[in-house]
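As the structure is a prediction and not an experimental result, all values here were calculated from the model.
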Amino acid sequence: MTRKAILLAAAMTCMAASVSAQFVAEKNNGETVTMGGNNLTITQKGDADEWTIGGTDISDIKSISITPLSERLGNYSAPDYADYYRAISSWEQRDKWNLANVHDPSVVRADDGYYYMYTTDASFGNVHHGHGHFMCRRSRNLVDWEFMGTTMPSLPSWVEPKLNEIRAAMGLGKSTADFGDDTQFGFWAPCVRKVKSGLYRMYYAITCPGTIDGDGTWTERAFIGLMETATPGDVNSWVDKGYVVTNASDRGLNYHVKADNWAQCYFKWNAIDPSYIITPEGEHWLIYGSWHSGFAALQIDPDTGKPQKEQGNPWGGDISAYGQMVSTRQMGNRWQASEAPEVVYHDGYYYLFMAYDELSVAYNTRVVRSRNITGPYVGIDGTDVTNHGGEAYPIVTHPYSFSESCGWVGISHCAVFDDGEGNWFYSSQGRLPANVYGDAYSNAIMMGQVRRLIWTEEGWPVVLPECYGAVPQAAIDESELVGQWENIALDYGYQHQDVATAITLRADHTVGGAPMDGQRWSFDARGNVLTVGSTKLYVAREADWETAPRRATLVYAGLDGKRTLWGKKSQKHTTYGATDNTAAFWTAFSPYYRDDSGDCTFHFDFTNHTDRAEAWNNWILVITNGKERAAKDYKEYAVIRADAYGWGDFANDAQRKAGMANDYDWTTFNDDMDGAKVDLTLGIKDGKMDMTAITTTAAGKTYTYTYTVSGLPAGAKGAFLTMEKAHLVLNTDGCYMN
């Protein structure tokens, strides 16, 4: 293939800065095609007189123009596909999936300009059964994904003889698995890489059913296999190249370990979750492993894609040919609660990303790095996870929720990749929490997610909090940062969602709101770095995924010690709760405000909308001890409803009743509250709480509702709004804490 990189003319090279402009081609049929990048490559297909530019056939192009980023930002339209995809989850509607039914993605950019994503066999309701294995989809822009089909028609023919060959060498009879029933086997964690033009390799894992020799013995082994293709755009072109590696044990034939005796796993290395890397020196390596002991590094022959060394029996004696350990969460413990290694090289370091904990809720991503492919890999806190083992830091992703939505859990098993022009991305699945949208099975929703990854000045990766929406990266002016933000500290907690709290970047360069209250901020527009105190936060434009409709906003990500901080600029008027007023009690929340001193004032400015059906279907104010919702030791001192009713851990019914006063007209109350503007102030000082809510109805009537109580415990205080069968539109400029 002949490749000619051509800068398209002086008038078009004004996009030398990556954030200045974008090429837009008008095709002969009137369709427009966006072609990003600093340089567009004109490519000839073989020796034929067929040429493409940016992946588009030149003969189809009528004209090419440049649209300035500022104009594109003003015209930006965010992705509108739904995250809750149950209505289109069936196999028959796979053309509508986009990123629905994605689990353990691997992403590669191919010669044809497409990004290809390959995934584990997993789908809502197992709709993929009977349709082959390792689903593929492709995209030009990382936003719109086309479902292509599956790449493996059935269980590879080599699995049965290879498994029985090993069993025979162990003195065991043939496996009793039904090799004609693919549903008995697991098809996991493909890893796809471009080796060179015209050669792509997919390493994949297959788990075998049953135990090694019946009750009281360890579970059967897994295999990593290999497929290759020259044309990833043809899902039927993948050719299976057979066996690569299996589970290795250093315990000889002592496999009589009960399948629930996790700490004494029979296998040392578990042949699952391969990650394939070609080093700058041209060496080929697999990093693999899941739960058993840690991760192993295995050198690969570049020509065959198979292990470089003769391996011998995968048990007893010397099993070094099956790999050497590069990371372990706890030295000497076989049960690691870590899996899915992903290794990439960037600027002198190998970065080892990994998934911690169970995948349905607790899944979170960690990263460590090394100057050498085999380690030692060291965390940001200095922990050597290769030679000594230990918790890997920093935290890259973690279950979280911004205030406008139920948030996400199970965010890990990542693919990390770049576009060849210095832009990096992180992709994984995310799961909805349990029992949201009135769906008892919502946690089985697996949505593929792509996020931008930014390298800090110190060389560590941070992932932006919002999914990638291809927002034009127009220059950011310091004045845009002033206002209310939601901040999430990704602190580790098993099956705990980290919740957003509200902070304000003031025009005088001070910060209001925990945990940054009283610090000063500055902004370096050259690198888009927001510094709060001594913490550097990397700012970008991204889609506000929680608003309806989605629209562009500012986000940040940065490291604060071992944790990542995520932030999102609040829209001036932001809606909380379903706009059709169907939000059930305790399902939608405003930003969470917290003050560590406990003497403070909270202010909320919002418009209340309600279904008018019941007096309590309105706003609700919650006053807490400053802990996050559902966190350990969380307490609600008072929950105050708009209809002059309340409860909580402080004050009895008589005290609450005595402390409440209002001048509502109860004959018109339900109608009055729909579309009413509410100015709510909550002051707390020396243990006394005073709330005043002034309501102005759409018809212009004004009501005053107050609540006063004394004797609150000392210490931090928090406040947020929720609602029932209502929705609130907050003026975020009027919501703050002093």
[Y] versus [X], side-chain donor and acceptor atoms under 3.5 Å:
X      : Y      : answer
His128 : Ser123 : yes
Tyr351 : Asp347 : no
Tyr322 : Asn247 : no
Asp83  : Trp408 : no
Gln495 : Glu358 : yes
Thr231 : Ser237 : yes

- [ ] Go through the steps to decide whether Arg451 and Glu466 satisfy the test salt bridge (charged side-chain N to carboxylate O under 4.0 Å, His left out), and finish with yes or no.
- [x] CA-CA 7 Å; Arg451 292 175 167 87; Glu466 295 285 53; 5.9 Å; no
Is the NZ or CZ atom of [X] positioned over [Y]'s six-membered ring, under 6.0 angstrom from the centre and within 45° of the axis?
X      : Y      : result
Arg140 : Tyr115 : no
Arg138 : Tyr114 : yes
Arg329 : Tyr356 : yes
Arg251 : Tyr266 : no

Which heavy atom of [X] sits nearest a heavy atom of [Y], and at what distance?
X      : Y      : answer
Cys191 : Ser106 : CA-OG, 3.5 Å
Ser401 : Gly407 : CB-CA, 3.6 Å
Val532 : Trp521 : CG2-CB, 4.1 Å

Please identify each residue that fulfils side chain to side chain donor-acceptor pair (under 3.5 Å) with [X], with sequence neighbours left out.
X      : result
Ser320 : Asp318
Asn261 : none
His413 : Asp104
Trp460 : none

Check salt bridge (Lys or Arg N to Asp or Glu O under 4.0 Å) between [X] and all other residues, then give those that pass, not counting sequence neighbours.
X      : value
Asp381 : none
Lys194 : Asp111
Asp240 : none

Please identify each residue that fulfils ring pair (Phe, Tyr, Trp, His ring centres under 6.0 Å) with [X], with sequence neighbours left out.
X      : value
Trp315 : none
His398 : none
Tyr203 : Tyr276
Phe402 : Tyr400

- [ ] With ring pair (Phe, Tyr, Trp, His ring centres under 6.0 Å) as the test, would you mind laying out the steps for Phe147 and Trp97 before giving the verdict?
- [x] CA-CA 7 Å; Phe147 189 83; Trp97 282 359; 5.3 Å; yes
- [ ] Would you please test Asp121 and Met135 for side-chain contact (heavy atoms from CB on, under 4.5 Å) and show each step?
- [x] CA-CA 7 Å; Asp121 279 20; Met135 293 182 284; 5.5 Å; no
- [ ] In plain terms, say whether Glu342 and Arg193 are close enough for a salt bridge, that is, a side-chain N and a carboxylate O under 4.0 Å apart.
- [x]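 Yes.
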Open item on the list: I'd like to know if Asp301 pairs up with Lys306 as an ion pair, taking the criterion as any Lys NZ or Arg NE/NH1/NH2 lying under 4.0 Å from an Asp or Glu carboxylate oxygen.
Closed with: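 So Asp301 does not pair with Lys306 through a salt bridge.
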- [ ] Starting from the C-alpha separation in whole Å, work towards a yes-or-no answer on side-chain contact (heavy atoms from CB on, under 4.5 Å) for Phe523 and Ile476.
- [x] CA-CA 10 Å; Phe523 182 61; Ile476 299 170; 4.0 Å; yes
Open item on the list: Using the rule given for side-chain contact (heavy atoms from CB on, under 4.5 Å), can you reason through Asp498 versus Trp566, listing the C-alpha separation, both sets of side-chain angles and the distance that settles it, and then say yes or no?
Closed with: CA-CA 10 Å; Asp498 292 322; Trp566 277 355; over 6 Å; no
Task: Evaluation steps, side-chain contact (heavy atoms from CB on, under 4.5 Å), between Arg452 and Gln473 - done: CA-CA 12 Å; Arg452 284 185 60 198; Gln473 296 298 307; 3.4 Å; yes
- [ ] Supply the atom-to-atom distance Arg201 CZ to Leu226 CG, rounded to the nearest 0.5 angstrom.
- [x]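 With rounding to 0.5 Å, CZ (Arg201) is 6.5 Å from CG (Leu226).
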TODO: Show the numbers, then the answer: is there a side chain to side chain donor-acceptor pair (under 3.5 Å) between Thr365 and Ser412?
DONE: CA-CA 5 Å; Thr365 308; Ser412 197; 2.8 Å; yes
TODO: Scan residues 527-539 for pairs that pass side chain to side chain donor-acceptor pair (under 3.5 Å), counting only residues two or more places apart or in two chains.
DONE: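 Passing the test, one end in residues 527-539: Glu457-Lys536.
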Open item on the list: Is it the case that the ring center of Phe187 lies less than 6.0 angstrom away from the ring center of Tyr204?
Closed with: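 Centroid distance Tyr204-Phe187: not below 6.0 Å, so no.
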TODO: Decide side chain to side chain donor-acceptor pair (under 3.5 Å) for Asp144 and Asn98; before the verdict, give the C-alpha distance in whole Å, the side-chain angles of both, and the deciding distance to 0.1 Å.
DONE: CA-CA 6 Å; Asp144 305 298; Asn98 202 336; 4.5 Å; no
Open item on the list: Can you confirm whether more than 12 heavy atoms, excluding those of Trp188, are under 6.0 Å from its CH2 atom?
Closed with: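 Counting neighbours around CH2 of Trp188, 12 or fewer heavy atoms of other residues, nucleotides or ligands fall under 6.0 Å, so no.
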